[in-house]
Enquirer: 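Here it is, the structure, as structure tokens.
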Number of protein chains: 2
Amino acid sequence: MRLSVDLVIFTIIKESLNILLIKRGGEPFKGSHALPGGGVHEDEGIEAAARRELEEETGLKNVFLEQLFTFGEDPKRDPRNRVVSIAYYSLVSHETKPKAGDDAADAFWLPVSELSKIKLAFDHDQIIKTALERLLGKIVYAPIAHELLPREFTLTALKKTYETILGKTLDKGNFFNYVKKRGLVVSVDKKAESEGGRPAALYRFNKRVKDISDFMSHFRSAIC
Amino acid sequence: MRLSVDLVIFTIIKESLNILLIKRGGEPFKGSHALPGGGVHEDEGIEAAARRELEEETGLKNVFLEQLFTFGEDPKRDPRNRVVSIAYYSLVSHETKPKAGDDAADAFWLPVSELSKIKLAFDHDQIIKTALERLLGKIVYAPIAHELLPREFTLTALKKTYETILGKTLDKGNFFNYVKKRGLVVSVDKKAESEGGRPAALYRFNKRVKDISDFMSHFRSAIC
DNA sequence: CCAAAAGTGTTAGGAGTACACCCATGT
DNA sequence: ACATGGGTGTACTCCTAACACTTTTGG
């Protein structure tokens with residue numbers, strides 16, 4: 001019985017949602033596309049293993065990483081022997097270039113819209129599907145979209161991030177009002193460079209919100 | 001490295017939320033209270049292992065069971081050797097008596113309000129805390145409360161279930177309207193026995209809702 | 001008839017939605 | 001001056017929340 005971690009690393013590139021994939025350098029599935037990941041070392045925590053793999057692949061520390069699901073239903077999902085895989089998903093800002101890890105021949109970003117064109121190793125298509133569902137479900141009530149952006153961003157960039165993930169357009173006025181009234185962002189009194197119009201104000205995420213889960217009260221009003 | 005499953009089994013007894021605990025029959029933590037669970041067999045899926053343990057403990061099949069979280073951060077959480085535990089939670093109707101499993105000396109229901117009075121083996125207090133958070137978070141947008149009730153129930157019983165889990169009282173009229181308008185229940189044209197007043201109509205859960213996740217659209221309106 | 005619990009109706013306030021309008025900058 | 005994207009304000013609708021009121025049973 002082996003225990004491994006697999007990573008679904010999301011980022012936004014040119015207004016589209018991307019996932020980090022590798023080309024497998026070893027058997028099985030050599031040459032196939034797959035999620036980055038690897039075995040959990042003895043005397044290593046499972047999240048620690050995920051963070052280690054994440055850093056190997058992207059060089060990033062201290063980014064958003066959350067346990068997704070543990071896959072181990074079919075004892076034969078890995079042809080070699082029984083492998084139970086703990087999947088994590090991560091949200092990163094698109095600044096760092098991916099590096100190929102130990103057993104990966106290559107690492108690259110792929111838009112989720114193009115996932116259907118390729119075949120993935122193991123049950124990694126299922127893992128990605130689960131990650132997308134989680135991301136889509138979580139973004140509507142938890143303030144995590146900013147994790148995909150640089151530390152300072154424009155409200156339009158934040159709006160486009162939501163639109164990309166939700167797959168629908170949002171109203172500008174309502175979105176701006178929402179995000180300000182909830183205090184999710186704080187202005188940094190700087191302007192972005194103009195892109196053909198009035199330059200946008202830059203904002204930073206309001207860290208207070210992360211700790212206090214005051215969105216929960218709003219969230220609960222759904223039924224109660 | 002060993003892989004095990006732990007179960008947090010909830011039920012409602014006399015308007016209070018209960019968890020199934022066992023008294024450990026073997027070392028380590030012999031005699032301590034703990035969650036039911038056990039090792040995953042070779043050539044067995046992890047959810048299959050959880051369902052096997054659940055049936056050993058309660059005799060129940062085909063009940064609500066959902067993967068909760070995988071705990072394996074601290075390599076020394078089990079003093080014997082490295083154990084990674086996949087926690088599941090289950091919602092059952094209080095009809096079956098718990099049976100003691102293989103390595104359990106005793107099995108019994110304990111109200112969550114009394115959990116603070118006892119000390120649990122391993123990191124099972126952490127697992128229960130996670131399960132309570134999930135249950136509380138999920139009940140407000142997913143139709144799962146009925147899993148804790150018999151197949152036919154009164155609207156007041158359903159309301160009390162929500163109140164028990166949420167820890168606050170709900171408005172009768174608004175709750176009844178909500179649950180009917182959403183089509184979460186269907187009347188079965190029977191009456192419950194009177195308890196000092198007008199007898200209540202019996203309802204059954206509307207299975208259609210379970211499959212179609214139309215509550216999702218309502219859910220998303222939170223931000224979009 | 002009265003108490004107790006079931007069940008319905010009414011109304012005020014607030015959140016979500018659509019959309020019109022003004023602002024600042026580059027060309 | 002005008003095109004382009006940034007940003008604000010307003011009116012309408014629908015849901016939620018609070019609560020009063022009616023109905024059906026047992027004693």
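This structure is a prediction, so every number in the text was calculated from the model and none was measured.
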Enquirer: Taking N or O atoms only and anything under 3.5 Å, show me the protein contacts with nucleotides 3-5 of chain C, one pair per line.
Expert:
residue, atom, partner, partner atom, Å
C/dA4, O4', B/Gly196, O, 3.4

Enquirer: Quiz question: by atom type and distance under 3.5 Å, do the side chains of B/Ser85 and B/Asp6 form a donor-acceptor pair?
Expert: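 Looking only at side-chain atoms, B/Asp6 and B/Ser85 do form a donor-acceptor pair, the distance falling under 3.5 Å.
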Enquirer: Could you check whether the rings of B/Phe108 and B/His33 sit parallel, tilted or perpendicular, using 30° and 60° as the cut-offs?
Expert: perpendicular
Enquirer: What's the closest nucleotide to the side chain of B/Lys180 if the choices are C/dG7, D/dT8, C/dC19?
Expert: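 Nearest to the side-chain atoms of B/Lys180, counting from C-beta on, is C/dG7.
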Enquirer: Salt bridge (Lys or Arg N to Asp or Glu O under 4.0 Å) with A/Arg52: which residues, sequence neighbours excluded?
Expert: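 Testing A/Arg52 for salt bridge (Lys or Arg N to Asp or Glu O under 4.0 Å), a comparison that skips the adjacent residues, returns A/Glu44, A/Glu56.
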Enquirer: Take atom NZ of A/Lys181 and atom C1' of D/dT8, then tell me their distance rounded to the nearest Å.
Expert: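 Between C1' of D/dT8 and NZ of A/Lys181: 14 Å.
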Enquirer: Figure out the NZ/P separation between A/Lys191 and D/dT4, and round it to whole Å.
Expert: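 Result: 21 Å.
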Enquirer: Grab the CZ-P distance between A/Phe175 and D/dG9 for me, whole Å please.
Expert: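 Rounded to whole Å, this separation is 18 Å.
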Enquirer: Rounded to the nearest angstrom, tell me the gap between atom CG in B/Leu155 and atom P in C/dT8.
Expert: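 These atoms are roughly 9 Å apart.
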Enquirer: Under 4.0 Å from OP1 or OP2 of C/dA15: is there any side-chain N or O of A/Arg182 that close?
Expert: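 So the side-chain polar atoms of A/Arg182 never come under 4.0 Å of the phosphate oxygens OP1 or OP2 of C/dA15.
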Enquirer: Which one, D/dA17, D/dT24, D/dG7, comes nearest to the side chain of B/Pro199?
Expert: D/dT24
Enquirer: Please state how far atom CZ in B/Phe176 lies from atom C1' in D/dA17, giving the value in whole angstrom units.
Expert: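 Taking atom C1' of D/dA17 as the reference, CZ of B/Phe176 is at 16 Å.
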Enquirer: Using atom CG of B/Leu202 as one end and atom P of C/dG7 as the other, report the distance to the nearest whole Å.
Expert: 9 Å
Enquirer: Between B/Glu47 and B/Arg51, does any NZ, NE, NH1 or NH2 come within less than 4.0 Å of an OD or OE carboxylate oxygen?
Expert: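 B/Glu47 and B/Arg51: salt-bridged.
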Enquirer: Output the rounded distance in Å from CG (B/Asn177) to P (D/dC15).
Expert: 12 Å
Enquirer: Is the closest side-chain heavy-atom distance between A/Ile165 and A/Leu132 below 4.5 Å?
Expert: no
Enquirer: How about A/Phe153 and A/Tyr203: are their ring centres within less than 6.0 Å of each other?
Expert: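 Between A/Tyr203 and A/Phe153, which both carry aromatic rings, the centre distance is not below 6.0 Å.
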Enquirer: What nucleotide among C/dG7, D/dA18, C/dT17 has an atom nearest to a side-chain atom of B/Asn174?
Expert: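 For the B/Asn174 side chain, the nearest candidate turns out to be D/dA18.
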Enquirer: Before we go on, tell me: are the rings of B/Phe71 and B/Phe122 under 6.0 Å apart, centre to centre?
Expert: no
Enquirer: In this structure, how many angstroms lie between the C1' atom of D/dG6 and the CD atom of A/Glu193, rounded?
Expert: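 Rounding to the nearest Å, CD of A/Glu193 and C1' of D/dG6 are 16 Å apart.
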